[in-house]
Amino acid sequence: MAPPVPPLTDLVLPWFDAQARDLPWRRAETTPWGVMVSEFMLQQTPVARVEPVWTRWMAEWPLPSSLAAAPRAEVLRAWGKLGYPRRALRLHEAARVIATEHDDVVPSDVDVLESLPGVGSYTARAVAAFAYRRRCPVVDTNVRRVVARAVHGRGDAGPVRARADLADVEALLPADEATAARLSAALMELGAVVCTARNPRCELCPARRTCAWQAAGRPAYTGPRRPPQGYAGTDRQVRGKLLDVLREAPAPVEKVVLDAVWSNAAQRDRCLDSLLVDGLAEQLADGRFSLGCTPVSGE
DNA sequence: GAACCGTGGTT
DNA sequence: TAACCAAGGTT
């Protein structure tokens with residue numbers, strides 16, 4: 001009889017310890033705040049684009065209270081072109097709450113974390129696990145894909161089923177808190193660099209021996225696909241163009257400058273208005289526009 | 001649950 | 001090259 005296959009943990013953890021990317025927010029000296037900032041920035045944004053922004057951000061605002069004290073426009077400029085700039089506003093607001101209501105200490109409790117703006121199920125658990133070494137399932141798109149393949153033998157994860165997804169990952173976690181936390185990071189790493197969406201590198205996979213998808217002959221995914229999002233011509237694109245002008249402008253700009261970015265006036269004005277509502281843009285008393293809110297201080 | 005919210009690299 | 005994809009959250 002062949003020797004038994006080691007559990008997933010015993011295969012993936014040694015691989016992770018030896019191969020993990022040296023990302024700045026994973027270093028021992030990184031604070032929980034640094035971890036939380038990285039998780040905000042990494043929402044739907046690739047690691048390579050986050051790295052330089054994160055490094056500058058942490059040098060400028062090493063504490064929640066230091067970010068909370070910064071003007072909104074400065075925060076939005078530092079966010080740069082990471083995309084989804086409302087994340088920057090939510091992080092700014094979360095920093096204010098942490099500074100004023102939590103003694104400038106990032107919470108470690110998942111429920112408290114989830115109550116912060118911009119912190120959902122994934123981010124709350126990621127902070128608890130990676131910043132505080134807690135044993136809690138961390139479910140992102142990478143982990144869902146790894147579980148779909150390694151555990152369920154399917155080519156890809158189907159639609160999100162929040163409760164079931166959490167239970168699936170929970171079942172994989174070893175009892176020890178710190179080890180479980182490390183496995184959570186390892187599963188994400190595996191999904192990010194080996195068990196990828198398009199061209200999985202199964203020949204490099206430490207879990208190949210125990211992978212249900214591999215055993216099944218790597219059948220193609222047959223479940224429902226979500227329709228592609230689309231971008232060209234959407235409000236999202238127009239808002240991005242407007243915001244880009246405001247971000248790069250050294251001073252408040254006249255409306256005619258903004259009018260130049262998009263020919264459809266109705267859509268343009270609607271988008272500009274939505275940016276004002278979101279707090280991403282501001283109209284000054286003289287009618288010009290600027291990024292975020294200019295602090296009313298001075299005088 | 002579906003739609004919306006940016007940006008840029010990869011295939 | 002048009003799609004696809006990247007450590008999601010909110011409404």
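Worth knowing before you read on, the calculation uses all heavy atoms, side chains too, and leaves out hydrogens, waters and symmetry mates. Throughout, protein chains are lettered first and strands after them, A, B, ... in sequence-line order, and every chain is numbered starting at 1.
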Which listed nucleotide ([options]) is nearest to the side chain of [X]?
X        : options              : result
A:Tyr231 : C:dG9, C:dA6, B:dT7  : B:dT7
A:Arg239 : B:dC5, C:dT10, C:dC5 : B:dC5
A:Asp140 : B:dT7, C:dA7, C:dC4  : C:dA7
A:Arg86  : C:dA7, B:dG6, B:dC5  : B:dC5
A:Arg49  : C:dA7, C:dA6, B:dT7  : B:dT7
A:Thr123 : C:dG9, B:dC5, C:dA7  : C:dG9

Select base, sugar-phosphate, or nothing to describe what [X] touches, counting heavy atoms under 4.0 Å on all strands.
X        : result
A:Thr196 : nothing
A:Arg145 : sugar-phosphate
A:Leu23  : base
A:Leu82  : base
A:Ser121 : sugar-phosphate
A:Phe40  : nothing
A:Trp79  : nothing

[X] vs [Y] side-chain heavy atoms within contact, under 4.5 Å:
X        : Y        : answer
A:Pro107 : A:Ile98  : yes
A:Gln237 : A:Lys241 : yes
A:Met58  : A:Ser38  : no

Worksheet item: With both distances under 3.5 angstrom, what nucleotide forms a Watson-Crick or G-U wobble pair with C:dT10?
Response: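 When the pairing criteria are applied, B:dA3 turns out to be the nucleotide that pairs with C:dT10.
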Rounded distance (Å) that lies between atom [atom2] of [N] and atom [atom1] of [X]:
X        : N     : atom1 : atom2 : result
A:Gln43  : B:dC4 : CD    : C1'   : 15 Å
A:Asp165 : C:dA7 : CG    : C1'   : 15 Å
A:Met41  : C:dG9 : CE    : C1'   : 16 Å
A:Phe16  : C:dA7 : CZ    : P     : 14 Å

Fill in: Side-chain hydrophobic cluster, 4.5 Å single linkage: members besides A:Tyr122
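The other cluster members (ILVMFWY side chains, heavy atoms under 4.5 Å, direct or chained) are A:Leu8, A:Val12, A:Leu13, A:Trp15, A:Phe16, A:Val35, A:Phe130, A:Val138, A:Val139, A:Val143, A:Val146, A:Val147, A:Val151, A:Leu166, A:Val169, A:Leu172, A:Leu173, A:Leu183, A:Leu187, A:Met188, A:Leu190, A:Val193, A:Val194.
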Practice prompt. Determine: side-chain N/O of A:Gln44 to OP1/OP2 of C:dG8, distance under 4.0 Å, yes or no.
Written response: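 So the side-chain polar atoms of A:Gln44 do come within 4.0 Å of the phosphate oxygens OP1 or OP2 of C:dG8, strictly under.
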Worksheet item: Is there a side-chain polar atom (N or O) of A:Lys81 under 4.0 Å from OP1 or OP2 of B:dG6?
Response: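 False: A:Lys81 side-chain N/O out of range (4.0 Å or more) of B:dG6 OP1/OP2.
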Fill in: Residue mapping more 5' on DNA chain C - nearest nucleotide basis, A:Gly120 or A:Pro228
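By nearest-heavy-atom nucleotide position, the 5'-most residue is A:Pro228.
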Discussion item. Could you tell me how far C:dA7 sits from B:dA3 if I compare only their P atoms? Round to whole Å.
Written reply: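 Between the two P atoms, the distance is 23 Å.
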Practice prompt. Ignoring hydrogens and angles, answer whether the base of B:dT11 and the side-chain atoms of A:Arg198 contain a donor-acceptor pair closer than 3.5 Å.
Written response: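 Donor-acceptor pair under 3.5 Å: no.
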Worksheet item: Within 45° of the ring axis of A:Trp213 and under 6.0 Å from its six-membered ring centre, is that where the NZ or CZ of A:Arg218 lies?
Response: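 Geometry flag: set, cation within 6.0 Å and 45°.
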